[in-house]
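Heads up: numbering here begins at 1 and tracks the sequence. Values reported hereafter were calculated over all heavy atoms of this structure, with side chains retained and with hydrogens, waters and symmetry mates removed.
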Amino acid sequence: MKNKYVQMIGVFMLLFLIYSCVEPFSPPEVNDDQGYLVVDGFLNVGSDTSRIELSHTQNTNATLAVARESGAKVVVEQENGGTFPFVEKGSGSYFLPPQTFSKLAKYRLRVKTVNGREYLSDFVAVKDTPPIDGIEGKYDARQNAMVMQVNTHDATNNTRFYRWKFEETWEYRAANYSALEAITNADDEREIISRRQDINVCWRTIKSANILLGSTIKLSQDIIKDLPLTTVPVSTNKLYIKYSILIKQYGLTQDAFEYWTSLAKTTEGTGSLFDPLPSQITGNIKNTADGQELVFGYFSASVEQKKRIFLTPGLGMYPRCIDPDTLTLDEAKKTSSLLLNTVGIRFDSVLVASDFCADCRVQGGVTTKPSFWE
């Protein structure tokens, strides 16, 4: 019995020593405040505009907005001569209108920041991209969601490495219709009038944040079939009236694919591509004067292929809201709630509801119909 107690005491002492030696692991990459340059974008050698975003890294505890790099000179250089300057349109966003590019040439990116630092990418070959064959939404009862799938193929078997982005847009309505509003008139008095702007119907667009990749390198044919890109839960209400998804497809070189694969493994643990990165995953861009400086991003050149579909599955329902309250006309003129309609025999009362239930803009949308909307 004595030996048993001695053994138990020994185990507890060992556990105490083990846990007392554990210290929080805080690698310098996680808490570094150096603000290294981040380059996000590519050269679109197709018929659309090219876009380069310049920003700076943050540590994982940062709460401020990402710092953008404005005022830089951004140029794409062709290997055998020729330069293509980008123009900044907004904080840290640089654009190049469609140009005539040779798909047989190689290109590199040169960036010179306002503080005089110059960054240069490796020369990269142009990677062509086959068209998107089709997009399909399949309802998955187990998930109670629509799974958006993409199909593509390259008959020449030359692409092999792919990346996708997408933009979702959907039409939705507020649960209650606000037909009235209270204003202060020219006599500085409150009065109730017909609402001047319809705030019941909205459209909202969001872009993909995750890194979406695919490869056919282990297949005999270069065919991507029914690859799931995103899942749209019925509970989001995106599918109730009309839903649209625009998918953008890019062919990648193997080096670019390996870079994005490594980055995807990292960002899956932090949230998304736009979250602060906890490890050193650098690309093909370097500081011309200091090769040891960390630079994040990978410059590539490819053709962007796009395809959009619309769905009207009628899945979901309006957000649940409590029944509207009833106020007198005088009360309605002073309330902060949204006014719906007058009620009562003499129309001397007004139904009111919360912003969430009667103003579709509260859910992040806009009342202007997109130009592409069918």
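Two residues are said to be in side-chain contact when any heavy atoms from C-beta on lie closer than 4.5 Å; L227 and N151 fail this criterion. Proximity of V350 to N341: side-chain heavy atoms (C-beta onward) are nowhere separated by under 4.5 Å. Side-chain contact between K127 and S300 is absent, with no heavy atoms from C-beta onward closer than 4.5 Å. Between F299 and D122 the shortest side-chain heavy-atom distance does not fall below 4.5 Å. Within the 4.5 Å cutoff, the side chain of I285 has no heavy atoms near those of the Y298 side chain. Side-chain contact between T231 and Q143: present, with at least one pair of heavy atoms (C-beta onward) separated by less than 4.5 Å. With a 4.5 Å cut-off on side-chain heavy atoms, T230 and I245 count as touching. Two residues are said to be in side-chain contact when any heavy atoms from C-beta on lie closer than 4.5 Å; V352 and L338 fail this criterion.
Residues L339 and L327 share a hydrophobic cluster, clusters being chains of Ile/Leu/Val/Met/Phe/Trp/Tyr side chains in contact below 4.5 Å. Taken together through direct or relayed side-chain contacts under 4.5 Å among Ile, Leu, Val, Met, Phe, Trp and Tyr, F42 and V126 form parts of separate hydrophobic clusters. Residues Y162 and V124 are members of separate hydrophobic clusters, defined by side-chain heavy-atom contacts under 4.5 angstrom among Ile, Leu, Val, Met, Phe, Trp and Tyr. W203 and I199 fall into different hydrophobic clusters, where Ile, Leu, Val, Met, Phe, Trp and Tyr are joined by side-chain heavy atoms under 4.5 Å apart, directly or via other members. Both V232 and L229 belong to a single network of hydrophobic side chains, linked directly or stepwise wherever heavy atoms of I, L, V, M, F, W or Y lie under 4.5 Å apart.
Each of F257, W260, Y259, Y250 was compared with F161 under the ring-ring contact (aromatic ring centres under 6.0 Å, His included) criterion, and only F257 meets it.
For F166, there are no ring pair (Phe, Tyr, Trp, His ring centres under 6.0 Å) partners two or more places apart in sequence or in a different chain. Partners of Y318 by ring pair (Phe, Tyr, Trp, His ring centres under 6.0 Å), not counting sequence neighbours, listed by chain and number: Y240.
Classification of E77 and R110 as a salt-bridged pair holds, one side-chain N sitting under 4.0 Å from a carboxylate O. Between K103 and D128, at least one side-chain N (NZ, or NE/NH1/NH2) sits under 4.0 Å from a carboxylate O, which counts as a salt bridge. No salt bridge links E331 with K333; every basic N to acidic carboxylate O contact stays at or beyond 4.0 Å. Under a 4.0 Å N-O distance rule, the pair D359/R361 qualifies as a salt bridge. Electrostatic pairing of E293 and R117 counts as a salt bridge here, judged by a charged N lying under 4.0 Å from a carboxylate O. Contact check on D48 versus K306 returns a salt bridge, with a Lys/Arg side-chain nitrogen under 4.0 Å from an Asp/Glu carboxylate oxygen. A salt bridge is defined here as a Lys NZ or Arg NE, NH1 or NH2 lying under 4.0 Å from an Asp or Glu carboxylate O, and K248 with E167 meets this definition. Under the 4.0 Å criterion applied to side-chain N and carboxylate O atoms, E168 and K238 are assigned as salt-bridge partners.
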Between R196 and E181, does a salt bridge (Lys or Arg N to Asp or Glu O under 4.0 Å) hold up when you go through it step by step? CA-CA 8 Å; R196 293 162 293 182; E181 63 179 318; 2.9 Å; yes
With side chain to side chain donor-acceptor pair (under 3.5 Å) as the test, would you mind laying out the steps for T113 and N115 before giving the verdict? CA-CA 5 Å; T113 62; N115 62 9; 2.3 Å; yes
Run the side chain to side chain donor-acceptor pair (under 3.5 Å) check on N158 and T156 step by step: do they pass? CA-CA 5 Å; N158 288 327; T156 65; 3.0 Å; yes
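Taking the six-membered ring where the residue is Trp, W170 and Y172 present tilted rings, their angle falling between 30° and 60°. Ring pair F310/F372 is tilted by interplanar angle, where 30° to 60° counts as tilted. Taking the six-membered ring where tryptophan is involved, the planes of Y107 and F101 are perpendicular, since the angle between them exceeds 60° and thus also 30°.
Minimum heavy-atom separation, T216 to D222: OG1-OD1, 2.7 Å. Closest approach of F123 and Q78 over heavy atoms only: CE2-C, 4.0 Å. S47 and P98 get closest at one heavy-atom pair: O-CG, 3.4 Å. Residues V114 and S70 share a closest heavy-atom pair of CG1-O, 3.5 Å. Closest non-hydrogen pair, Q249 versus V150, comes out as OE1-CG2, 4.3 Å. Shortest non-hydrogen contact noted between C202 and T367 is SG-CG2, 3.9 Å.
For Q197, the CD atom is densely surrounded, since the number of other residues' heavy atoms within 6.0 Å is greater than 12. More than 12 non-hydrogen atoms from other residues, nucleotides or ligands lie less than 6.0 angstrom from NZ of K242. The environment of I322 atom CD1 is sparse: at most 12 non-hydrogen atoms of other residues, nucleotides or ligands sit within 6.0 angstrom.
In this structure, the side chain of H153 does not engage the main chain of I223 through any donor-acceptor pair within 3.5 Å. Under the 3.5 Å distance criterion, the side-chain polar atoms of R204 are matched with a main-chain donor or acceptor of Q363. No donor-acceptor pair under 3.5 Å is formed between the side chain of T169 and the backbone N or O of T205. In this structure, the side chain of T57 engages the main chain of Y36 through a donor-acceptor pair within 3.5 Å. Using a distance-only test at 3.5 Å, with no hydrogens or angles considered, a donor-acceptor pair links the side chain of S262 to the main chain of E258. No donor-acceptor pair under 3.5 Å is formed between the side chain of S302 and the backbone N or O of L252. Looking at R160, its side chain does come within 3.5 Å of a backbone N or O of L219 through a donor-acceptor pair. The main-chain N or O of A174 is found under 3.5 Å from a side-chain atom of N200 such that the two form a donor-acceptor pair. Judged by distance alone, the side chain of S208 and the main-chain N or O of N210 form no donor-acceptor pair under 3.5 Å. In terms of modelled atom types and a separation under 3.5 Å, the side chain of N185 and the main chain of E189 share a donor-acceptor contact.
No hydrogens or angles considered: nothing links the side chains of N44 and S50 as a donor-acceptor pair under 3.5 Å.
In this structure, NZ on K138 lies 4.0 Å from CG on D226, to the nearest 0.5 angstrom. Distance OG/S178 to CZ/R195: 3.5 Å, rounded to 0.5 Å. Rounding to the nearest 0.5 Å places OG1 of T152 at 7.0 Å from CD1 of I132.
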